[in-house]
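For reference, the structure discussed in these notes is given below.
Model, not experiment: these values are computed from the prediction. Naming convention: chains lettered A, B, ... in sequence-line order (proteins, then strands); numbering from 1 in each chain.
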Number of protein chains: 2
Amino acid sequence: MDRKVSTRSAARAETERAILSAAEAVFAEHGYRGATTGMIAERAGIPKANLHYYFATKEALYRQVVENIFMIWLDAANSFDDCEDPEEALTHYITTKMDISRQHPMGSKVWANEILHRAPVIQDYLETTLREWTATRIAIIERWVSEGRMDPVDPRTLLYMIWSTTQHYADFIHQIETLNDGKPLSDDQFAVARDNVVRIILSGVGIRARAASSVKAGAAR
Amino acid sequence: MDRKVSTRSAARAETERAILSAAEAVFAEHGYRGATTGMIAERAGIPKANLHYYFATKEALYRQVVENIFMIWLDAANSFDDCEDPEEALTHYITTKMDISRQHPMGSKVWANEILHRAPVIQDYLETTLREWTATRIAIIERWVSEGRMDPVDPRTLLYMIWSTTQHYADFIHQIETLNDGKPLSDDQFAVARDNVVRIILSGVGIRARAASSVKAGAAR
DNA sequence: ATGAAACCTGACCAAACGGTCAAATTGAGC
DNA sequence: GCTCAATTTGACCGTTTGGTCAGGTTTCAT
């Protein structure tokens, strides 16, 4: 049973992937209500009825998309713990979040839409996983402060600043591109933004950065 | 003609105001597609058909709402120029933007929705007014840098950081409240956030703040 | 080969939506 | 009090949308 990966289940997995990918793009661009199952099906290259064979309702499909996005976010979030040193940890975390905004803008947009509309689908995640994650990281930041390794800042304010600033490069990319003469940010421009964000925040909380771009040459190449 | 403010025109103005107010709330909470003219009419306390007497189409009503929001934003933006000193100017600007997020969260949400969906209605504003405003303020920041009054930072990155961080307290207020045990931010909590945002950003760009809360006791009372 | 289960799809349906309209009501000017 | 334009409203309409369904096709174990 197990040894044979049938053509069937492979095809099924591929169709599901195509639907979820199309759904993420359409939900990101049009929001939950603005997206139609017809648009998603067309983008996935299947008839609408077939989409409903794989996902019973629009809401079930949406929920799956949002859950996938949350898992990606959670992976990135755990990069916060990769280092004990506040400079390295924050640099790594901010860099990772910036790169996610660059490479996964649609996921960030879906998330933003969901929060804007009072999180009708993912409220339970906010109240469990996100709340726990935040509490432990607040404790870490408070410890750094009490150890004198950074200025005394409100940990929540710092986290929100990191989230908002990094996600801005996904959620508001249209505004950024319009202010960039309508052109997408080049890799160099994005690298400048990323390095500046890291530098301003680190300096803002009283951490003197040693050298630029010491951590992770990054996705700019 | 002029001396008599008829009951009629007063009632008309009042009805228009009620519709626009209801529309702002509903568009903020549900997005353009998620909002229905029926919901807006109900919230404004009038039948749907009457709403269409005042605003011919849903899109015309939406456009009016967005234009009003843009005007408020523009007023706040000009507070950037109130001072020549970078510390005062940035403090004043950030404080003003934070207070707007606190007092006008729905407007910010409508704006965020619009940008998320690639600004189908206000693209012309982005390409004219916003582009010009940004260009002149970039020049001011560059001058401050060249005069050695602040660290050399990319002006765009700084502006985007200010916008995203301050607007986060409107657009993502639901997430913030969830992480605040489901309770709204108290005036004190908000004041802490506002002061921390100012302090981190100013320190982040190499401006040493003199004393806390020297500028504008603020809307916290 | 064959039967059964999984998969696919064109046609269809009920609900919701933006918008219209004709008829009723109101109120300012005479 | 009368007139007429402005305003209000319930009923209605065409379109779009999420979802269903019956029937067809493919795959696979035997």
Side-chain angles (χ1 to χ4, degrees), chain A residues 1-27 29-66 110 113 117 120-121, chain B residues 1-27 29-66 110 113 117 120-121:
Chain A
M1 303 279 178
D2 266 353
R3 63 190 144 80
K4 177 180 285 185
V5 176
S6 70
T7 311
R8 203 128 201 188
S9 70
R12 180 178 188 93
E14 169 56 22
T15 304
E16 269 182 11
R17 197 208 51 76
I19 293 174
L20 285 168
S21 171
E24 181 177 316
V26 174
F27 281 132
E29 185 126 2
H30 302 278
Y32 179 75
R33 290 289 294 266
T36 71
T37 54
M39 292 165 67
I40 296 171
E42 188 185 17
R43 185 160 182 142
I46 58 173
K48 190 181 65 165
N50 197 14
L51 183 148
H52 278 93
Y53 176 74
Y54 282 89
F55 296 90
T57 67
K58 181 185 179 182
E59 187 179 330
L61 173 57
Y62 179 72
R63 179 169 243 115
Q64 186 65 56
V65 169
V66 172
V110 172
N113 251 306
H117 299 7
V121 166
Chain B
M1 303 280 176
D2 265 352
R3 62 191 146 82
K4 176 180 287 185
V5 177
S6 70
T7 313
R8 205 121 198 198
S9 70
R12 180 178 188 94
E14 170 56 23
T15 304
E16 268 181 12
R17 197 206 52 76
I19 293 174
L20 286 168
S21 171
E24 182 178 314
V26 175
F27 282 132
E29 186 127 1
H30 302 277
Y32 180 74
R33 289 290 294 266
T36 72
T37 54
M39 292 165 67
I40 297 170
E42 187 184 18
R43 185 159 183 143
I46 59 172
K48 190 181 65 165
N50 198 13
L51 183 148
H52 278 93
Y53 176 73
Y54 282 89
F55 296 90
T57 67
K58 182 184 180 183
E59 186 179 332
L61 173 56
Y62 178 71
R63 181 169 242 115
Q64 186 66 58
V65 168
V66 172
V110 173
N113 252 305
H117 299 16
V121 166

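Taking CZ of B:R43 as the reference point, atom CD1 of B:I19 lies at 14.0 Å (rounded to 0.5 Å). Between the NZ atom in B:K48 and the OG1 atom in B:T37 there is a gap of 5.0 Å [rounded to 0.5 Å]. The line from CD1 of B:I40 to CD of B:E24 is 11.0 Å long, rounded to the nearest 0.5 Å. Taking CG of A:L20 as the reference point, atom CG of A:L61 lies at 6.0 Å (rounded to 0.5 Å).
In this structure, B:L51 atom CG and D:dT8 atom C1' are separated by 13 Å, rounded to whole Å. C:dC13 atom P lies 18 Å from atom NE2 of A:H52, rounded to whole Å. If you take CD1 of A:I46 and P of D:dT25, they are 20 Å apart, rounded to a whole angstrom. In this entry the distance linking CD of B:E16 with C1' of D:dT7 reads 13 Å, nearest Å. Atom-to-atom, CD of A:E14 to P of C:dC8 comes out at 12 Å; the value is rounded to the nearest Å.
Shown here are the salt bridge (charged side-chain N to carboxylate O under 4.0 Å, His left out) partners of B:R33, two or more places apart in sequence or in another chain: there are none.
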Identify the pairs formed between an N or O of the protein and an N or O of nucleotides 10-12 of chain C at a distance under 3.5 Å, and give each distance.
none

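Taking only side-chain nitrogens and oxygens, A:R12 never comes nearer than 4.0 Å to OP1 or OP2 of D:dT27. In terms of phosphate contacts, B:Y53 brings a side-chain nitrogen or oxygen within less than 4.0 Å of OP1 or OP2 of D:dT7. Remark: A:T36 is not in phosphate contact with D:dT17, judged by side-chain N or O atoms under 4.0 Å from OP1 or OP2. Look at B:R33 and you'll find a side-chain N or O under 4.0 angstrom from OP1 or OP2 of D:dT17.
Contacts of B:A41 with the nucleic acid, taken as non-hydrogen atoms under 4.0 Å apart, are absent.
Within 6.0 Å of atom CD in A:E16, more than 12 heavy atoms from other residues, nucleotides or ligands are found, so the atom counts as buried in its surroundings.
Considering every non-hydrogen atom in both A:A41 and A:L51, the closest pair reads N-CD1, 3.7 Å. Contact between A:A23 and A:V65 at its shortest, heavy atoms only, is CB-CG2, 3.8 Å.
Contacts between residues 54-62 of chain B and DNA chain C, defined by a heavy-atom separation below 4.0 Å, involve B:T57, B:K58, listed by number.
The aromatic rings of A:F27 and A:Y32 sit parallel to each other, their planes meeting at less than 30°, with 60° as the upper class boundary.
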